[in-house]
Amino acid sequence: MMKKELAKTYDPHGLEDRIYQNWEDKGYFHAEVDETKKPFTIVIPPPNVTGRLHMGHAFDETMQDILIRWKRMQGYNALWQPGCDHASISTEVKIIDQLKKDGTDKKTLGREKFLERAWAWKEEYGGIITQQLKKLGSSCDWQRERFTMDEGCNRAVTEVFVRMHEKGYIYKGSRIVNWCPVCKTSISDAEVEYEEQQGHLWHIKYPMVNEDGTVSDTEFIEFATTRPETMLGDTAVAVNPKDERYHKWHGRKVLLPIVNRELPIVEDEYVDMEFGTGVVKITPAHDPNDFEVGKRHNLPEVNVLNDDATINENGGKYAGMDRYECRKAIVKELEEMGLLVRIEDYSHNVGTHERCHTTVEPMIKKQWFVRMDELIKPAVKAVKEGEIRLIPQRAESAYFNWTDNIRDWCISRQLWWGHRIPAWYCDDCGEIIVDRQTPAKCPKCGGTHLHQDEDVLDTWFSSALWPFETLGWPDETPELKYFFPTDVLVTGWDILFFWVIRMIFSSYEQMGTYPFKTVLFHGLIRDEQGRKFSKSLGNGVDPLDIIAKYGADALRLTIVTGNDLGGDMRFYVDRVENSRNFANKIWNASRFILMNLPEEEDPVLLSPELPAGLEPVDHWILSRCNRLVREETANLDRFELGIAVQKVYDFLWDEFCDWYIEMVKPRLYNTDDKTSQTAALWTLRTVLLTSLKLLHPYMPFITEEIYMTLQDADESIMISSWPEFRADWDYPQEEREIETIKEAVRGVRNMRTQMNVAPSKKAQMVIVSDKEEVLEIFRTGRLFFESLAGASESSCQQDKAGIPDSAVAVVLADATIYIPLGDLVDIAAEKERLQKELKRLEGELTRSEKMLSNEKFLSKAPADKIEEEKEKQQKYRQTYEQVKERLSTMS
RNA sequence: GGGAGUAUAGCUCAGCCGGGAGAGCGUCCGCCUCACACGCGGGAGGUCAGGGGUUCGAGCCCCCUUGCGCCCACCA
C-alpha cells in the first residue's frame, strides 16, 4: 500500500465538493429497480421550489441522509426520492410582491401573463435549493427529481380529483370558509393560526318588538359581542331552551337597530347560559357556529362583507367602509341610540392566516371540499393498529385529536399558481363537468359554451400524493411497484396536519395501502436563547455560512448530536466548533496511522484475517469496537440518531485516540518486533476503518476522504458494507484486563498531579500483588503501562520487599503500585492523600454493607445484582485494607 | 378550557430494564510529550424544581404543587 500524507489540520474546503461530484458521477445515489435486493425508500418533504435552505431543512435532510446512507450500506436498495413543491400561495405572494415593485398587479397582467411570470420565476430560482441540498451532502437520487407541477404530477392530481369526485368525496358546496381578505382566497382550517389578541367585549341591547308591531322602549334583550360590525348580518338572537329567564319572550321578535330588521329569538343548545346574559346574536354568514345555528333554524344568511373585508351593499350606509372602521362607527351609533350598555376589556383568540397573519373572516362561499368522514377512518385505523408508527409515540395524541375533530377540507383557492381545478361549467345549462380532459361539449345539453373553474387546488392536495406520484402514479411503473410503500417519512411537527395525515388517507384511498411504515418527527431548531429562528428577529443562522466556515460534516454532526427524539434543538456556534474539532481529531488519528504504515506493501495489513502477534490490548480495542457496532446498529434501529452518534464519538475520541493509540505507540516505534508492530498497525487500521463506516452516515465527507486514502482503493465508503457484530472479535476477558491497567494509569496520573510531580519526570514503579494473574497483566502490558504512567521502568513482585517507606502508593483493588520518588515525596502529603482515599472507601463500604445486610434486598433483588454488589464490596474491602496497611507502615 | 411535554453541573443537554450522578462548552491547575493546542493530563462544580407516596433501594414509578414553553379548541 502506498504511504500517503494528509495535511496537519482537516480542511473541508474544496474537498467536499470534489467528493460529492465523484459520488454523483459514479451514480451511487441512483437506485434502479432490482428484485434481488430489498428496497428502502424515503421521499423528501418537498421544499418550496423557490425557497432557500434554512436550518429547518438542514435538520430534516440530515436525518434522512443518515438513514438512507445507513440502509444503503446495510445492503438495501436505498432510494431517497427528491423534488420540490410549487408552494401555491407562498410563491404567488412572492410574485405579487415583485409585480408591485414593477408597478403592476395580477389583474392588469391577466392570468396567462401572470403564469408566464410565475414559471419564469420558478426557472430562475428553482435550482437553488437543490444545489444547497447537495452542499449538505444529501444523497438524493437526483435523476429522479420531481416537481409537484411537472407533467406526471399534474396528471396524478387530475386523476385523483376526478376519481374522488366520481366517488362523491369531492363536492362543490356553499359553506362557511376561512377567508383571507389580504390574499383574497379561502383557506383550510389547518391554515388558520389562532393568536391571542387584546380586544373588547361590547355589551349591547336590542329593543323588543311589541305584539302590535311597534318597537318597545322599555323591553330590551342584552348580550355581548367582540365584533359589533357583524350585527349588520344578524338574522336572529339565540338563547338556551333551558334558560327560564327568556321563556317569557318566547315567540317574540327583536329589532335589529340601524338596519331595522326584525329578528326571531331562537332556542339553541349551543348557547351557554353561564356566559354573559345567556343571549347570543346570530350572524350565520360570518361565524362558523352561527352558521350551524342558522342551518338548524333555517335562518337567512346575510353576507355583509366584500372579499377585501370592506362592508358590502347589505351594510347600507356603511357600505364600502373597512371592517374595523365600521366597527367604530357602529359602536358610536349604538351609543348615540343608547343601546350600548358598556365596554369591557377582553382578550381572546383570533384566527389569522398563517402566511400573512391577517385576521381571517369567516364567510359563506361556494368552494370545493373533500368530504372527510369516510376518508379519515383508515387513517385512524392505521395508527391505532400500529400499521403506521409515529415516532415519538406522543405524536399520536395530536394525531387523534385532529382526526377526531376533522371537518371537510376546503381545497379550492382563489389563486392562479397551482393545479387548476378540472371542472367546467356549461354556460348554456349550468351543468358542472369534472373530467380528465377539457370537454368539447356539455354532456347534458350538448352546448359548447364551456368555461373552466377559475380556482386552483390547495398546495397540500398535490403534496398529499407525493409518495406515489413521484414514483410514476397514475401509471403502474415498476418503480411504483418496487419502491412503494416507502419506509420512513422524516418531517417536523408543524406539518402533521397539513401533510402527514393527508398523505395517509390519500394513499389509502388511491393505492389501497399506506404510504409509509414509520413517521419520524423532529422538533425545531432554535437559537441559543431558545427562540425560533425568524426573519423578524433576525436571529437566523444560514446553514450555508456554517458549511462554508466549518464544513458540512461539522454542521451535520452538530445538528444530530444530543437530540432526543422529536425534541427541539438549540443551535449555537460553540457546538459546531466542537464538531469541527472532532473532525480534526479523527483526521489526525488517521494521519498518525498513515505515517506509521510501512513503505512497502504488507499483505498481512490488508488481510481481513486476524494477524499473528495480537496482544490483549489489541483484543481489547477490537472487542470495544465490536460492541460499538452492535450498540450503534441497535440505536439506529430505534431511530435514536443522537445516541447512536454519541457512542461513535466517545469511542473514537476517548477509547481509540486517547487510550489505544497511546498504548500502541511504544510498539510502533520499536522496530525490533516486526510481528507485534504489524499486529498493532493492523488493529489500528481495522478499527479505524470500522468506526469510519459507523460514522459515515453522519459525517459523509471526511469519512470518505480518509477511507479512500487509507484503502488506496477506488471503493467508496458509501457503498461499503455496514459492519456487523462478530463473535471472533469478542474478548470480554481482555476488556477486563485492560480496564485494570487503565485504572492503574489513571491512579498514577492522579497521584502525580496531586503530588505536583512534573510531567516530564519519569519514575521507577513497582507493582505489588499477591495475585500472579494480576502481575501477568502488568507484565504483558509493561511497555504501554510505563509509557502512559510516566514510568522509567516497572517491575512486578508479590510482596513489598525492598520498597522504601517514602514511596508513594497507588492502591488498586488487587494491586498496589509503589513509586519511590526520592526526595520529591512529601510524606505528610502522601498520608493526607491516602486518608482521603480511606474515607471515600469507608463511605462506599457502609453503603454496600447496608445493602447486603438487608434481608429484603437479598430476597427480592435479582441474583446478578446481588452478585455484582458482592464483588464490589469485596473490591472496596480489599482496597480499604491495603490503604490502611500502607498508612500504618508510614511511621 | 382540553391535551401532551419539560424541569439534572455556570450554559446547552444525555441518562436504556428502578441498584455507585454523565458529555460538550465554560472554569481552575499542569503540559507546545516526535497525530492533533481544533490538542493532552488532572481538578473543582449537582438537595437531579418543591412536597408526599410505592419500594430493601427512586433522577427514573404514582399523587400533589410550582415554573417554562408546545399543540388543539366556536364560549359570543
Side-chain angles (χ1 to χ4, degrees), chain A residues 6 8-10 194 201 223-227 238 270-272 274-277 279-283 287-292 346 348-349 351 362 392 394-398 400-402 405 493-494 496-497 523-524 528 530 550 561-564 566-572 574-575 577-596 634-635 638 640 642-643 646 649-650 654 657-658 661-662 665 669 746 749-754 756-760 787-788 790 843-844 847-848 850-851 853-862 865-866 868-869 872 876:
Chain A
L6 295 175
K8 192 171 174 178
T9 46
Y10 174 61
Y194 287 90
L201 200 51
F223 55 87
T225 178
T226 53
R227 310 190 50 202
Y270 150 71
V271 181
D272 179 358
E274 307 297 316
F275 189 91
T277 55
V279 180
V280 185
K281 70 190 229 0
I282 300 297
T283 322
D287 182 283
N289 296 303
D290 293 6
F291 179 78
E292 297 298 328
Y346 193 67
H348 59 142
N349 282 326
R394 62 189 134 95
E396 286 182 8
S397 59
F400 292 130
N401 181 36
W402 178 264
N405 297 297
W493 294 100
D494 47 336
L496 168 62
F497 310 129
L524 254 44
E528 60 272 16
Y550 300 99
T561 306
N563 184 238
D564 64 326
D568 287 355
M569 117 134 351
R570 291 198 196 194
F571 187 90
Y572 47 106
D574 278 358
R575 293 188 52 225
E577 275 184 18
N578 182 246
S579 301
R580 187 269 319 267
N581 294 352
F582 175 66
N584 192 54
K585 186 74 187 175
I586 56 172
W587 181 260
N588 273 288
S590 311
R591 194 161 75 95
F592 172 77
I593 295 170
L594 281 168
M595 284 168 56
N596 284 285
N635 277 299
R638 297 188 301 145
E640 285 281 9
I643 295 174
Q646 188 70 48
Y649 179 100
D650 290 342
D654 182 52
C657 290
D658 289 347
I661 288 183
E662 295 306 321
K665 273 180 180 173
Y669 301 148
R746 274 194 290 255
R749 282 173 173 169
N750 184 304
M751 181 280 302
R752 291 177 70 114
T753 305
Q754 280 183 32
N756 228 341
V757 180
S760 53
S787 151
L788 297 191
E844 296 285 9
R847 185 194 58 79
S848 187
K850 214 171 145 188
M851 234 168 127
S853 61
N854 187 320
E855 279 174 32
K856 285 183 179 170
F857 170 69
L858 294 172
S859 60
K860 289 182 182 177
K865 289 282 176 201
I866 298 175
E868 198 181 307
E869 194 54 42
K872 274 184 203 166
Y876 293 140

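Just so you know, these numbers come straight off a predicted model, no measurement behind them. Reckoned from all heavy atoms, side chains included, excluding hydrogens, waters and symmetry mates. So that the names make sense, note that chain A is the first sequence line, chain B the second, and so on, each numbered from 1.
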- Message: Could you tell me the Watson-Crick or G-U partner of B:rA7, where both distances fall under 3.5 Å? Say none if there is no partner.
- Response: B:rU66
- Is there a donor-acceptor contact under 3.5 Å linking the side chains of A:N578 and A:Y649? yes
- Query: Side chain of A:E662: nearest nucleotide among B:rC36, B:rC40, B:rC75?
  - Reply: B:rC36
- Check whether any side-chain nitrogen or oxygen of A:R570 sits under 4.0 Å from OP1 or OP2 of B:rC13, and answer yes or no. yes
- Task: For nucleotides B:rG2 and B:rC60, find the distance between their P atoms and express it as a whole number of Å.
- Result: 27 Å
- Query: Are OP1 or OP2 of B:rC34 and a side-chain N or O of A:K665 less than 4.0 angstrom apart?
  - Reply: no
- Item | Whole-angstrom distance between B:rU8 and B:rG1, as gauged at atom P | 27 Å
- Item | Contact nearer the 5' end of RNA chain B, comparing A:D654 with A:M569 | A:M569
- Query: Nearest to the side chain of A:H348 - B:rU12, B:rA76, B:rC40?
  - Reply: B:rA76
- Task: Using the P atoms only, state how far B:rG50 lies from B:rG59, rounded to an integer number of Å.
- Result: 11 Å
- Item | Atom-pair distance (CD1 on A:I593; C1' on B:rC36), nearest Å | 13 Å
- Query: Given B:rA35, is OP1 or OP2 found less than 4.0 Å from the side-chain N or O atoms of A:N596?
  - Reply: no
- Message: Between B:rG26 and B:rC38, how far apart are the two P atoms, rounded to whole Å?
- Response: 11 Å
- Message: Under 3.5 Å, is there a donor on one side chain and an acceptor on the other for A:E577 and A:N581?
- Response: no
- Got A:L858 and A:I866 here, is their nearest side-chain heavy-atom distance under 4.5 Å? yes
- Task: State whether A:R580 places a side-chain N or O below 4.0 Å from either non-bridging phosphate oxygen (OP1 or OP2) of B:rC38.
- Result: no
- Query: Is the base of B:rC36 touched by the side chain of A:K8 through a donor-acceptor pair closer than 3.5 angstrom?
  - Reply: no
- Looking only at side-chain atoms of A:N578, point me to the closest of B:rU12, B:rA35, B:rC25. B:rC25
- Task: Take atom CD1 of A:I866 and atom P of B:rG57, then tell me their distance rounded to the nearest Å.
- Result: 15 Å
- Query: So do A:Y270 and A:D290 actually touch side chain to side chain, heavy atoms under 4.5 Å?
  - Reply: yes
- Item | Watson-Crick or G-U wobble partner of B:rG1, both distances under 3.5 Å | B:rC72
- Message: Measuring only the P atom in each nucleotide, how far is B:rA73 from B:rG15? A whole number of Å is fine.
- Response: 31 Å
- Report yes if at least one side-chain N or O of A:Y270 is closer than 4.0 Å to OP1 or OP2 of B:rA76; otherwise report no. no
- Identify whether any heavy atom of A:I282 sits under 4.0 Å from a base atom; if not, whether one sits that close to sugar-phosphate; answer base, sugar-phosphate or nothing. nothing
- From B:rG43, B:rU12, B:rG19, pick the nucleotide closest to the side chain of A:F857? B:rG19
- Item | Rounded distance in Å - CH2 (A:W493) to C1' (B:rC72) | 13 Å
- Query: Within the side chain of A:R749, is there an N or O that forms a donor-acceptor pair under 3.5 Å with the backbone of A:G790?
  - Reply: no
- Is any side-chain N or O of A:R575 under 3.5 Å from a base N or O of B:rC25, one able to act as donor and the other as acceptor? no
- Message: Quick check for you: among B:rA76, B:rA73, B:rG15, whose closest atom lies nearest to any side-chain atom of A:Y194?
- Response: B:rA73
- Under 3.5 Å donor-acceptor pair, A:D574 side-chain atoms to B:rC25 base atoms: no
- Query: Which class fits the ring pair A:W402 and A:F497: parallel under 30°, tilted 30 to 60°, perpendicular over 60°?
  - Reply: parallel
- Message: Let's test this: given Watson-Crick or G-U wobble pairing with both distances under 3.5 Å, identify the partner of B:rG46.
- Response: none
- What about A:E640, does its side chain sit under 3.5 Å from the base of B:rA14 through a donor-acceptor pair? no
- Go through B:rC74, B:rC36, B:rC75 for me and flag the one nearest to the A:R591 side chain. B:rC36
- Among B:rC56, B:rA35, B:rA76, the one nearest any side-chain atom of A:T226 is B:rA76
- Tell me whether the OP1 or OP2 atom of B:rC72 has a side-chain N or O from A:N401 closer than 4.0 Å. no
- Glycosidic conformation of B:rC72, syn or anti, with 90° from 0 as the boundary? anti
- Determine the Euclidean distance between corresponding C1' atoms of B:rA4 and B:rC70; express it in Å to zero decimal places. 9 Å
- Note on the structure: Re B:rC17: Watson-Crick or G-U wobble partner, both distances kept under 3.5 Å, found to be none
- Which pair of heavy atoms, one from A:T277 and one from A:F223, lies closest together, and at what distance? OG1-CA, 3.4 Å
- Task: Considering just the side-chain nitrogens and oxygens of A:N405, establish if one lies under 4.0 Å of OP1 or OP2 belonging to B:rA73.
- Result: no
- Nearest to side-chain heavy atoms of A:Y346, which nucleotide of B:rU12, B:rA76, B:rC36: B:rA76
- Sugar-phosphate only, base, or nothing, as touched by A:P759 at under 4.0 Å among non-hydrogen atoms: sugar-phosphate
- Query: If you check every side-chain atom of A:N349, which of B:rG42, B:rG24, B:rA73 has the closest atom?
  - Reply: B:rA73
- Message: Under a plain distance cut-off of 3.5 Å, with no hydrogens placed, do A:R638 and A:N635 share a side-chain donor-acceptor pair?
- Response: yes
- Quote, to the nearest angstrom, the C1' distance that separates B:rG22 from B:rA44. 16 Å
- Item | Residue whose closest nucleotide on RNA chain B lies nearer the 5' end, A:Y669 versus A:W402 | A:Y669
- Query: So what does A:F291 touch, heavy atoms closer than 4.0 Å: a base, only the sugar-phosphate, or nothing?
  - Reply: nothing
- Task: In whole angstrom, give me the gap between the C1' atoms of B:rC63 and B:rG46.
- Result: 26 Å
- Item | Side chain of A:A589 - closest among B:rA35, B:rA4, B:rA76 | B:rA35
- Message: For a 4.5 angstrom cut-off between non-hydrogen side-chain atoms, does A:R575 reach A:T561?
- Response: yes
